[in-house]
Amino acid sequence: MAHGSADAGVFTPQSTFYEQGRFGRLFPTLAPFSADTPTVRRALMELGKPGGIMDAQDGTDPVALIVDPTQSAHNPNNPDLTAGMTFLGQFLDHDMTFDPTSSLARRQDPESIRNFRIPALDLDSVYGGGPGVSPFLYDHAVDGGATSFLVESIPGSDAVSLGGTRTDLPRNAQNVALIGDPRNDENLIVSQLHLAMLRFHNRVVADVKADLGTVLTVEEVFAEAQRIVRWHYQWMVLHEFLPKTVGAQTATDVLTHGRKFYQWRNDPYIPVEFSVAAYRFGHSQVRPSYRANFGTSATDASQQFFALIFDHTVPGGTADPADLRGGCRAPRRFVDWQTFFDFGDGRARPNKRIDVTLSSPLFALMGQATGTPVSLAQRNLLRALTMKLPSGQAVAKAMSLPVLAPGDLADLAPLHLDLRTPLWFYILREAEVVAQGRHLGPVGGRIVAEVFLGLVEGDADSYLAQDPGWTPTYGTGADFTVVDLLTAAGVVATF
């Protein structure tokens with residue numbers, strides 16, 4: 001059955017029994033924010049429509065959208081988060097969840113939906129089934145494909161790059177990326193972040209060989225490198241991504257005093273309050289355009305690669321489209337990370353604030369099934385309806401957290417969504433009102449923090465389970481950040 005083509009009359013009953021690999025609910029006793037009626041669907045479509053109140057109505061000049069402050073008047077920048085944190089968040093999402101089966105047209109019980117990702121921060125989106133099960137991911141010129149990932153050079157990149165020859169994900173003859181999760185080639189930035197993880201693993205393999213290669217088999221080298229990479233990754237998530245995303249106060253409280261709401265019976269599951277609402281905050285952070293790289297000049301913008309994140313007017317099927325879509329290889333399609341993360345050189349750009357405004361390219365998504373919305377906002381709002389999520393107000397009360405004042409949601413009154421607000425919209429507005437859009441508010445932040453901590457605590461192979469006193473070795477001062485990861489991976493060109 002094609003995505004979105006299910007019979008609207010199909011009903012799957014709600015369940016509260018959670019098993020490994022399934023979605024579930026944090027608050028199974030809370031009623032849905034609304035009945036699924038044509039009137040409500042029309043209201044949600046109106047709320048999330050192109051040109052509506054959630055559309056920033058950005059311009060189309062990718063350079064001006066970055067350098068002209070007036071172009072950000074309705075889509076303000078976030079002074080606390082750099083542009084790359086958006087894509088790190090996307091990478092993490094793909095590591096935790098993969099649901100290719102659910103429909104926007106029918107009501108869903110999350111227990112009935114299979115999560116094709118193991119609900120853990122274990123990089124299965126990168127490692128696949130390992131060298132034995134996913135041999136196409138690994139470099140058979142090194143240890144017979146038993147230890148290291150395959151990466152490939154980009155032909156011609158040395159002529160358009162200050163940093164020499166650049167690398168790309170491995171691809172087949174039709175430019176399909178050979179990776180553990182195809183979604184990590186949705187856009188250029190996340191694909192290059194996936195590449196960085198491959199190269200970081202390869203760096204660790206080389207170091208393990210240098211230290212222990214005389215006493216370990218190649219299978220043991222791979223297992224030890226994988227453990228080291230996973231633990232550094234988990235540390236980075238809990239100690240960098242989480243505080244910046246949910247706010248230092250919420251992160252410290254959850255990491256210090258533990259979880260209150262995210263519990264499970266057997267193994268961790270993915271709550272739909274997280275996957276369908278709270279963790280979709282990142283959609284609000286996406287910029288309409290980015291500087292992908294510096295090209296042949298660190299100072300001349302005309303020699304650099306600026307582009308919209310997506311441009312539905314650009315035809316598909318070309319090797320080097322004018323936007324930043326994935327699935328392509330061309331000399332200029334690489335990333336200079338100084339734009340995306342803070343290396344202390346003043347070149348990093350901010351992402352957008354967490355609020356109810358989304359960049360305009362997200363209202364014209366490409367590649368959606370016929371007859372389904374192309375607006376990401378509409379898709380998110382309908383997903384909350386089909387998954388029968390409770391209102392933001394109900395969740396706030398269940399968590400004994402402050403509820404937004406009626407005036408904070410007055411713009412929803414004409415749609416009759418102001419008193420029982422879809423959780424995703426509520427969490428975006430909460431961040432806007434409580435934290436000026438710099439990080440998530442109390443409800444959204446606590447959900448995200450508890451799920452991240454729970455997934456690491458629930459993984460028997462994580463550093464918290466195996467060695468809670470462990471500290472990173474690939475970083476500085478017993479810490480490890482995404483800048484450290486990129487540096488260790490050797491993907492940061494210097495100029």
Between R183 and D95, does a salt bridge (Lys or Arg N to Asp or Glu O under 4.0 Å) hold up when you go through it step by step? CA-CA 10 Å; R183 297 172 300 169; D95 189 34; over 6 Å; no

Evaluate the criterion side chain to side chain donor-acceptor pair (under 3.5 Å) for residue pair Q90 and N187; output intermediate values, then yes/no. CA-CA 10 Å; Q90 183 183 21; N187 60 70; 3.1 Å; yes

Rounded to the nearest 0.5 Å, how far does CD1 of I154 lie from CZ of R171? 8.5 Å

As an exercise, state the distance from OG1 of T252 to NE2 of H257, rounded to the nearest 0.5 Å. 9.5 Å

K352 versus S72, side-chain donor and acceptor atoms under 3.5 Å: yes

Report yes if some heavy atom in the side chain of L308 is under 4.5 Å from a heavy atom in the side chain of L324; otherwise report no. no

Return yes if some donor-acceptor pair links the side-chain N/O of E430 with the main-chain N/O of V443 below 3.5 Å, else return no. yes

Rounded at 0.5 Å granularity, tell me how far CG in L255 sits from CD in E457. 8.5 Å

Steps toward side chain to side chain contact (heavy atoms under 4.5 Å, CB included) verdict (H194, I179): CA-CA 9 Å; H194 188 108; I179 52 178; 3.6 Å; yes

Do D139 and S148 have side-chain atoms, one donor and one acceptor, less than 3.5 Å apart? no

Check whether any side-chain N or O of S161 sits under 3.5 Å from a backbone N or O of G163 as a donor-acceptor pair, and report yes or no. yes

Quick one: are the ring centres of H201 and Y138 less than 6.0 Å apart? no

What pair of heavy atoms forms the shortest contact from Q304 to N293, and how long is it? CB-O, 3.4 Å

Do L92 and V237 come close enough that some side-chain heavy atom pair is under 4.5 Å? yes

Within a strict 4.5 Å, meaning less than it, do heavy atoms of the T167 and E152 side chains meet? no

Worked check of side chain to side chain contact (heavy atoms under 4.5 Å, CB included) between D311 and M366: CA-CA 8 Å; D311 185 351; M366 302 175 292; over 6 Å; no

Between H94 and D181, do the side chains contain a donor N or O and an acceptor N or O under 3.5 Å apart? no

Do you know which two heavy atoms are closest between S134 and G129, and how far apart they sit? OG-N, 2.9 Å

With side chain to side chain contact (heavy atoms under 4.5 Å, CB included) as the criterion, how do R438 and I354 come out once you've worked through the C-alpha distance, each side chain's angles and the decisive distance to 0.1 Å? CA-CA 6 Å; R438 296 186 173 204; I354 304 173; over 6 Å; no

Which class fits the ring pair F274 and Y279: parallel under 30°, tilted 30 to 60°, perpendicular over 60°? parallel

Can you give me the closest heavy-atom contact between L178 and L137, atom names plus distance? O-CD2, 3.4 Å

If you compare all heavy atoms of S284 against all heavy atoms of T357, which two are closest, and at what distance to 0.1 Å? OG-O, 3.4 Å

Keeping W424 on the side-chain end and L381 on the backbone end, is there a donor-acceptor pair under 3.5 Å? no

Do any N or O atoms from the side chain of S359 and from the backbone of P361 form a donor-acceptor pair under 3.5 angstrom? no

Quick check against the 3.5 Å criterion: does Q234 have a side-chain atom that pairs as donor or acceptor with the backbone of D122? no

Inspect the contact between D143 and K209 and indicate whether a charged nitrogen and a carboxylate oxygen are less than 4.0 angstrom apart. yes

Would you indicate whether the side-chain heavy atoms of Y290 and F306 approach each other to under 4.5 Å? no

Test Y474 against F480 for ring pair (Phe, Tyr, Trp, His ring centres under 6.0 Å), laying out the working first. CA-CA 7 Å; Y474 285 89; F480 184 74; 7.3 Å; no

For the residue pair N380 / H283, report whether a side-chain donor-acceptor contact shorter than 3.5 Å exists. yes

Taking the side chain as everything from C-beta on, heavy atoms only, tell me whether H439 gets closer than 4.5 Å to K244. no

Can you label the angle between the Y463 ring and the W235 ring as parallel, tilted or perpendicular, going by 30° and 60°? tilted

Within this structure, what is the OG1-CD1 distance for the pair T250 and I447, rounded to the nearest 0.5 Å? 11.5 Å

Assess whether salt bridge (Lys or Arg N to Asp or Glu O under 4.0 Å) is satisfied between D336 and R291, documenting all intermediate values. CA-CA 9 Å; D336 279 325; R291 177 177 58 194; over 6 Å; no

Check the orientation of F241 and F281. Use parallel for under 30°, tilted for 30 to 60°, and perpendicular for over 60°. tilted

Any side-chain donor near an acceptor of the partner, R349 and T339, under 3.5 Å: no

Do M54 and F425 have side chains that approach each other closer than 4.5 Å (heavy atoms only, starting at C-beta)? yes

State, without any angle test, whether T481 and D484 hold a side-chain donor-acceptor pair at a distance under 3.5 Å. yes

Passes side chain to side chain contact (heavy atoms under 4.5 Å, CB included), T245 versus L440? Steps please. CA-CA 6 Å; T245 296; L440 286 168; 4.1 Å; yes

CE on M197 to CG on N202, rounded to 0.5 Å: 11.0 Å

Least distance between heavy atoms, S297 atom then Q303 atom: CB-CB, 3.8 Å

Just by distance, with hydrogens left out, do S360 and D55 show a side-chain donor and acceptor under 3.5 Å apart? yes

Under 3.5 Å donor-acceptor, Y262 side chain and V448 backbone: no

Donor-acceptor contact present, side-chain T147 to main-chain V218, <3.5 Å: no

Is the closest basic N to carboxylate O distance between R325 and D323 below 4.0 Å? yes

Donor-acceptor pair, side chain of T471 and main chain of D479, under 3.5 angstrom: no

Face-on cation placement of R347 at F294 ring, 6.0 Å and 45° thresholds: yes

Is R287 paired with D58 through a side-chain N to carboxylate O contact shorter than 4.0 Å? no

Count the heavy atoms belonging to other residues, nucleotides or ligands that lie under 6.0 Å from NE2 of H74, then report whether that count exceeds 12. no

Would you find a donor on one side and an acceptor on the other, under 3.5 Å apart, between the side chain of S375 and the backbone of F363? no

On the six-membered ring of Y127, is R230 placed so that its NZ or CZ lies under 6.0 angstrom from the centre and within 45° of the ring axis? yes

R429 side-chain N/O to D408 backbone N/O, donor-acceptor pair under 3.5 Å: yes

With a cut-off of under 6.0 Å to the ring centre and 45° to the axis, is R332 in cation-pi contact with F305? yes

Nearest 0.5 Å please: distance from the CZ atom of F334 over to the OG1 atom of T165. 10.0 Å

Residue pair I228 / E224, side-chain heavy-atom distance below 4.5 Å: yes

Side chains of Q57 and N75: do they bring a donor and an acceptor to under 3.5 Å? no

For the pair R333 and D320, find out whether any cationic side-chain nitrogen is under 4.0 Å from an anionic carboxylate oxygen. yes

Could you check if a side-chain atom of R25 sits within less than 4.5 angstrom of a side-chain atom of V272, using non-hydrogen atoms only? yes

Cut-off 3.5 Å, side chains only: do R329 and N175 have a donor facing an acceptor? no

